[in-house]
Each structure stands twice: as structure tokens, then as C-alpha cells.
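Contents: one structure, followed by commentary.
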Amino acid sequence: MSDLQPREQWNTRLGFILAAMGSAVGLGNIWRFSYVTGENGGAAFLLVYLLCIVAIGIPILMAEFTIGRKAQSDAVGSFSKLAPGKPWVIAGILGVASAFIILSFYGVIAGWTLHYFTQYITGGLASEPAGGYGDYFGGFITSTFHPLFWQFLFMALTIGIVYGGVKKGIEKSNKILMPLLAVLVIVLAGYSMTLGGASEALSFLFTPDWSALANPSVYLAALGQAFFSLSLGMGALITYGSYLSKEHRLPGAAVSVAGLDTLFAILAGLMIFPAVFAFGIDPSAGPGLVFITLPGIFDNIAGGQLFGLLFFFLLAAAALSSAVSLLEVAVAYFMRKFEWTRQKTALLIGGIIFLLGIPSSLGMGVLSGVTIIGGRDILDSADFLASNIFLPLGGLVIALFLGWGWKKADALQDSDFGDTTVGNAWVFVLRYFAPVAIFIIFLSSIGLF
Ligand code: PFF
């Protein structure tokens with residue numbers, strides 16, 4: 001789009017908040033949160049995670065909104081517009097790279113949810129398959145073409161929405177889907193608590209085993225999860241903020257997005273862990289956790305078939321609104337850079353990302369022997385590199401940019417904080433606390449590669 005055309009904008013402030021929530025709430029809150037929490041020992045991890053959200057995540061979220069609204073450009077363009085010729089733009093470039101990497105494997109997992117959704121429609125999971133849900137899941141993800149088909153379908157949906165412009169589709173659908181998903185997760189959490197694993201689950205989630213904190217991987221995992229879950233550190237929220245006009249206030253929006261996102265994650269924990277313990281599954285079972293425990297719950301509930309159908313539909317829908325924001329980061333950049341149309345860019349970039357995701361899917365089956373980073377398979381390596389390294393690194397540069405690259409008075413004014421205590425605390429966090437914390441966490445985890 002040339003600079004002469006008016007930039008697309010959200011219809012309302014609520015529309016913007018909902019789209020940002022739609023970006024934040026996704027597979028990260030349910031699929032990724034539950035297995036990462038399970039792998040990292042539960043409550044102690046949860047505590048570090050919450051600290052990362054409040055002390056690092058929310059301030060950087062505010063920084064992204066502020067940058068985007070001020071610059072009115074994409075993840076890369078925002079930096080080159082506000083600070084031409086300066087190296088800050090590296091954050092935007094890292095961001096676009098992260099969008100490619102994250103969406104490549106996100107599409108694979110989202111494809112799995114679509115498959116489960118259709119299995120509940122056709123009755124394929126109406127009763128426990130021979131060999132149990134674990135075997136069923138294993139058989140599905142290790143096959144070659146079947147998961148690719150669902151990944152392709154999911155990516156086609158994502159491309160379709162970005163192709164049409166974000167405004168109508170996403171702004172509207174989130175208004176209905178988010179509350180529905182929340183209700184369903186609450187109902188399922190309530191039910192899951194009656195399965196007999198509730199007390200173990202509560203102590204796993206809320207009674208910290210401090211010895212878990214001795215492991216440096218916990219901090220990096222918590223930081224990465226905070227960035228992933230809040231869609232932070234890669235310019236997704238810069239891009240969304242850039243579709244916002246000047247008269248809307250930012251701090252309230254930032255806190256609502258982070259609050260809702262965290263609530264979803266905790267509810268998901270209350271839904272999944274009681275079932276994990278009731279069915280005797282290992283909490284550190286990894287990425288399959290959701291796909292194995294939840295069908296077990298649905299199998300036990302009256303009307304479980306309907307619950308399963310609704311749940312996987314909503315999870316796929318939540319994944320879709322997040323995937324759209326991931327694709328939008330790359331599309332907004334390439335559209336401006338090469339002056340391509342939105343349609344052409346969406347098809348081309350979305351297609352490339354689908355292809356990039358194929359190895360992640362095959363890594364479960366024919367390529368299962370391949371490990372890349374520290375013994376991780378292809379999908380885990382892509383996730384680790386983007387979520388635990390690129391996003392926090394991007395966040396670090398964003399914090400430094402706002403903290404040091406802007407005049408303090410401008411930062412306070414452009415963020416709508418004004419010269420208040422909270423505003424000054426925010427600048428302090430961006431200048432000192434967040435960069436130092438991220439740096440220390442990186443240093444402590446050097447052995448993990
Ligand atoms: N926040 C999304 C989730 O929790 O599923 C994932 C995500 C979306 C990460 C957009 C990063 C991003 F820019």
C-alpha cells in the first residue's frame with residue numbers, strides 16, 4: 001500500500017482490544033501452556049510465569065502499542081520511520097522472521113485441532129479407540145499426509161481472512177467466539193475437578209516445589225511462554241496498534257489483554273491437570289497432553305461428544321485469530337516493502353509458511369529421528385528458537401528502544417500514561433528492569449542449547 005492511501009483502521013476501540021485479545025488467546029493458552037507447565041514442574045513455573053507477565057510482559061505490551069500507534073506502520077516500518085538509519089529496526093526484522101517460524105509450526109498444531117473437531121462431528125472419537133487416546137494421537141501425528149492435509153486447510157483459512165482484510169472477519173468473530181470459549185473452559189474445568197484428580201492438580205499448580213527453581217531452564221521457559229502467550233516481541237501488537245487512531249487510550253487496553261490471556265491460561269490448567277492426574281498421565285508428557293487428556297474427559301461426560309465438538313471448534317477458532325495476527329505481521333511488511341496488493345501478499349507469504357511447516361509435521365513421523373537444537377525434534381526446535389530466543393530478544397530491543405531511544409516526555413505522552421507514577425515506573429522497567437532481567441535469563445540458560 002502506498003503512503004497516499006489511508007491506512008486501514010479498526011472500527012472501534014473495543015474492536016481493537018478484541019483483535020489484540022484474539023491474537024493473544026490461542027493455542028498458547030491451552031496447548032502450549034499446559035504442556036510447558038507440566039514439563040517444568042507446575043506451581044514454581046507458574047509463579048515465575050506470572051512474574052514475567054506482570055513485570056516484563058505488560059510493560060513491553062504497552063511499548064508495542066505505543067510504537068505502533070505512533071508510527072502507523074508495520075513491524076519493520078515502524079522502527080525505520082521513528083528512528084531512520086538506527087539499528088533498532090533489528091527488532092522488526094527478528095519479528096518478521098519469528099512470524100514465519102512460529103506460524104509454520106502453529107499451523108501444524110492447529111491442523112491437529114481441526115482434525116479432532118471433525119472426528120467429533122463424525123463420531124470417530126465417540127468411544128475410546130482401541131489402544132486408548134494416546135495411541136490414537138500417536139498414530140495420527142506420525143502419519144505422513146493426514147496431518148499435512150489439516151495443516152493445509154488451517155493455513156488456507158488463515159490466508160483467506162488476511163486476504164479479505166482483518167477488519168470485518170476478525171473484529172466481529174472474536175466478539176462471539178472469545179466469550180463462548182471462556183464459558184466452555186469454565187464448564188470443562190468445573191467438570192474436570194470432579195474426576196478425582198483435583199487435589200493433586202491444585203497442589204501441582206499452586207503449591208510450589210521450590211527445588212524446581214534450581215533448574216535454569218524454568219526461567220527461560222517461563223519468559224518464552226509469557227512472550228508467546230501475549231503475542232509479544234515480534235511486532236504483532238505494533239502492527240495491530242498501527243491500525244489504531246490517536247484518540248484511543250492504551251494502558252487500559254494493555255491490562256485487559258494481559259489479564260484475559262492469563263485468566264484463560266489458568267483456567268486451562270484447571271481443566272487439564274485434574275484429568276492428567278485422574279487418568280494417571282505424566283504431566284510432562286509433552287505437546288500431546290491436550291490431545292490425550294481432553295478426549296478422556298469427553299469420554300466420561302454425558303454429552304461428551306458435543307463438548308468435544310464445541311471445544312475443538314473453539315480452540316481451532318482461537319488458533320485462527322492468533323494465526324491471522326502472525327500472518328498479518330509478515331503480510332503488512334511485504335505489502336509495504338514491495339508495494340504488492342494485500343491479496344497477492346497473503347497468498348504468497350501464507351503459501352511459503354505452509355511449506356516451511358511441512359518438516360515440523362513430518363518430524364513426528366518419517367523425520368522423527370531428526371533433532372536440531374539440544375535434542376529437540378524439528379517442531380520443538382522451531383518453537384524453542386522463535387519463542388524462547390527471538391521473541392525475548394525482540395522484546396529486549398523494543399524495551400531499549402522505548403526506554404532509551406525516545407525522549408522520556410514523549411514516551412509518557414505517546415503512551416497516554418502522562419507524567420504519573422505508573423508512567424515513570426513503566427519507563428524505569430523498560431530502561432533497566434526488563435533488559436537486565438531478560439539478559440540474566442539468557443545468560444543463565446546458555447547451557448540449554
Ligand atoms: N499468542 C498466541 C497464542 O497464545 O496462541 C500465539 C502468537 C500469536 C504468538 C501472535 C505471537 C504472535 F505474534
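Each ligand, and each atom within it, is numbered from 1 in the order the structure gives. Model, not experiment: these values are computed from the prediction. Positions are given from 1, in the same order as the sequence printed here.
Judged as a salt bridge (Lys or Arg N to Asp or Glu O under 4.0 Å), and not counting sequence neighbours, Asp377 has no contacts. By the salt bridge (Lys or Arg N to Asp or Glu O under 4.0 Å) test, Asp380 is found to be paired with no residue, residues two or more places apart in sequence or in another chain being considered.
Ser387 approaches Phe228 most closely through the heavy-atom pair OG-CD1, 3.3 Å. In terms of heavy atoms, Ala63 sits closest to Leu430 at CB-CD1, 4.2 Å.
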Could you give the N/O to N/O pairs under 3.5 Å linking ligand 1 and the protein, each with its distance?
unit_1: ligand 1; atom_1: 1 (N); unit_2: Ser23; atom_2: O; d: 3.1
unit_1: ligand 1; atom_1: 1 (N); unit_2: Ala24; atom_2: O; d: 3.0
unit_1: ligand 1; atom_1: 1 (N); unit_2: Phe228; atom_2: O; d: 2.8
unit_1: ligand 1; atom_1: 1 (N); unit_2: Ser229; atom_2: O; d: 3.1
unit_1: ligand 1; atom_1: 1 (N); unit_2: Ser231; atom_2: OG; d: 3.0
unit_1: ligand 1; atom_1: 4 (O); unit_2: Ala24; atom_2: O; d: 2.9
unit_1: ligand 1; atom_1: 4 (O); unit_2: Gly28; atom_2: N; d: 3.3
unit_1: ligand 1; atom_1: 4 (O); unit_2: Asn29; atom_2: OD1; d: 3.4
unit_1: ligand 1; atom_1: 5 (O); unit_2: Leu27; atom_2: N; d: 3.1
unit_1: ligand 1; atom_1: 5 (O); unit_2: Gly28; atom_2: N; d: 2.7
unit_1: ligand 1; atom_1: 5 (O); unit_2: Tyr106; atom_2: OH; d: 2.5

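Each salt bridge (charged side-chain N to carboxylate O under 4.0 Å, His left out) pair with one or both residues in residues 30-56, not counting sequence neighbours, appears once here: Arg32-Asp383.
Using a cutoff of 4.0 Å between basic side-chain nitrogens and carboxylate oxygens, Lys344 and Glu339 are not scored as salt-bridged.
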